[in-house]
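See structure below.
Computed from a prediction, not measured in an experiment: that's the story for all the values here. Throughout, protein chains are lettered first and strands after them, A, B, ... in sequence-line order, and every chain is numbered starting at 1.
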2 protein chains.
Amino acid sequence: MAAAWEVARDKGLAGLSLSDVAARVGMQVPSLYSYFASKNDIYDAMFAQGNDQFLQFIRDRAVLPRSARERLRAGFWVTFDFCTADPVRYQLLFQRTIPGFTPSPASYAKALEVLDLFRQGLASTGLVSEPADQDLLTALSIGLVDQQISNDPGGRRWASLVDDVADMAYDYLLKKRRRARARPSTRSRNKEAQ
Amino acid sequence: MAAAWEVARDKGLAGLSLSDVAARVGMQVPSLYSYFASKNDIYDAMFAQGNDQFLQFIRDRAVLPRSARERLRAGFWVTFDFCTADPVRYQLLFQRTIPGFTPSPASYAKALEVLDLFRQGLASTGLVSEPADQDLLTALSIGLVDQQISNDPGGRRWASLVDDVADMAYDYLLKKRRRARARPSTRSRNKEAQ
DNA sequence: GTCTATATTTGGATAGAC
DNA sequence: GTCTATCCAAATATAGAC
């Protein structure tokens with residue numbers, strides 16, 4: 001697995017080849033088939049491992065800061081740091097870029113586990129009322145990550161904007177919540193309106 | 001070129017092959033070398049063409065709406081619509097995902113042309129004072145695009161958030177500008193402070 | 001589990017006739 | 001400009017001995 005990650009970081013995720021992996025572990029190519037049924041099986045194992053690493057990463061940072069504002073900032077930073085730490089891993093987990101590969105149900109379940117953990121964390125801030133709010137936050141996070149990786153790899157150009165964007169989102173969600181409480185019929189219509 | 005785009009949309013950008021392109025235009029593979037020096041040369045031509053299309057797309061929409069708020073919204077929509085209309089083109093122009101390919105200086109110049117056109121449009125709103133503001137806006141735009149393409153291809157899940165995010169950015173930049181004018185030493189330090 | 005040997009396919013690219 | 005023929009390299013994958 002470690003060799004596979006190294007090769008992917010070296011030759012690009014799509015450039016992963018069994019020959020390179022075998023060479024890096026000092027084996028012949030056919031020996032790899034004792035461990036993986038196919039090349040896509042390696043991608044799948046990487047996908048699962050990457051999600052496990054993300055889960056661990058989130059839990060390691062789960063100090064749960066005091067205020068909702070700080071908690072939101074922390075959420076942005078967790079995503080940003082994890083993704084930018086390994087662009088290839090980010091590409092495998094969050095972009096759909098490898099021609100033939102689709103994660104197995106078992107591996108995909110891990111991805112859902114990550115999503116759910118995030119959903120919980122966001123809910124604890126009391127800021128996120130509807131699914132669309134979560135979509136908004138993921139878009140903002142991923143946008144920062146994507147620009148950082150694509151246009152300033154290894155730099156800090158978008159890292160310096162993480163706190164600003166988090167606060168911007170905080171203000172937006174807070175204002176939205178206030179508005180919704182002032183006249184509940186507008187945003188959360190139907191249910192309470194009747 | 002059209003055949004190349006079709007193949008890329010069909011087999012994935014990284015899955016582009018000369019055999020498929022040749023087959024689609026009813027030629028033999030070696031005949032393609034009368035038009036392109038190599039496979040990467042095809043990618044390069046696609047890169048240039050994609051940027052040309054973006055330039056045309058921007059100009060077609062350049063009605064320049066009245067208020068700054070509307071102008072910002074329009075800018076978000078231009079990016080969103082163009083990118084989501086063709087995910088493969090988006091991948092080629094804005095992600096760095098193909099192992100061996102780097103755009104030629106001539107093609108890259110077109111990409112810079114697009115960037116500059118955007119910079120002009122944003123400057124006309126009077127909202128964007130420093131480069132970091134532009135980085136912020138590109139991050140927000142790309143985030144919406146990326147999530148829409150990766151997690152709801154063909155759908156409208158993040159499309160429905162475009163106006164909200166644009167307005168959120170507008171409010172943020174407006175507030176920031178007001179703050180900067182109230183005490184000019186904080187944000188635009190050095191120059192005016194001395 | 002690991003190897004050698006091999007099958008099989010496919011890829012990009014060139015030579016040279018027409 | 002387009003073709004046939006060919007080259008060469010690399011890829012994934014399997015068979016079967018040790």
Residue pairs passing the side-chain hydrogen bond (donor to acceptor under 3.5 Å, both in side chains) test with at least one member in residues 2-17 of chain B, sequence neighbours excluded, are Trp5(B)-Gln49(B), Glu6(B)-Arg24(B), Arg9(B)-Asp86(B), Lys11(B)-Asp20(B), Ser17(B)-Asp20(B)

Any N/O pairs under 3.5 Å between the protein and nucleotides 12-16 of chain C? List them or say none.
{"from": "dG12(C)", "atom 1": "OP1", "to": "Lys39(B)", "atom 2": "NZ", "distance (Å)": "3.1"}
{"from": "dG12(C)", "atom 1": "OP2", "to": "Leu18(B)", "atom 2": "N", "distance (Å)": "2.9"}
{"from": "dA13(C)", "atom 1": "OP2", "to": "Tyr33(B)", "atom 2": "OH", "distance (Å)": "3.0"}
{"from": "dA13(C)", "atom 1": "OP2", "to": "Lys39(B)", "atom 2": "N", "distance (Å)": "3.0"}
{"from": "dA13(C)", "atom 1": "O5'", "to": "Tyr33(B)", "atom 2": "OH", "distance (Å)": "3.2"}

Applying side chain to side chain contact (heavy atoms under 4.5 Å, CB included) to Ile142(B) and not counting sequence neighbours gives Asp146(A), Gln147(A), Tyr90(B)

Atom CD1 of Ile42(B) and atom P of dG11(C) are separated, to the nearest Å, by 13 Å

note: Tyr43(B), atom OH; dG11(C), atom C1'; distance rounded to Å ~ 12 Å

Sorted by chain and number, sequence neighbours left out, salt bridge (Lys or Arg N to Asp or Glu O under 4.0 Å) with Asp60(B) holds for none

Hits for side chain to side chain contact (heavy atoms under 4.5 Å, CB included) against Arg61(A), two or more places apart or cross-chain, chain-then-number order -> Phe57(A), Trp77(A), Val78(A), Asp81(A)

Residue set satisfying salt bridge (Lys or Arg N to Asp or Glu O under 4.0 Å) with Arg177(B), at least two apart, ordered chain then number -> none

In whole angstroms, the gap separating P of dA13(D) from CZ of Phe36(A) amounts to 13 Å

- request: For dG1(C), take OP1 and OP2 only and decide whether either is under 4.0 Å from a side-chain N or O of Ser31(A).
  value: no

Whole-Å distance, Gln28(A) CD to dA5(C) P, equals 10 Å

Whole-Å distance, Met27(A) CE to dG1(C) P, equals 9 Å

request  = Kindly work out whether a path of hydrophobic side-chain contacts (I/L/V/M/F/W/Y, heavy atoms less than 4.5 Å apart) joins Tyr108(B) to Tyr43(B).
outcome  = no

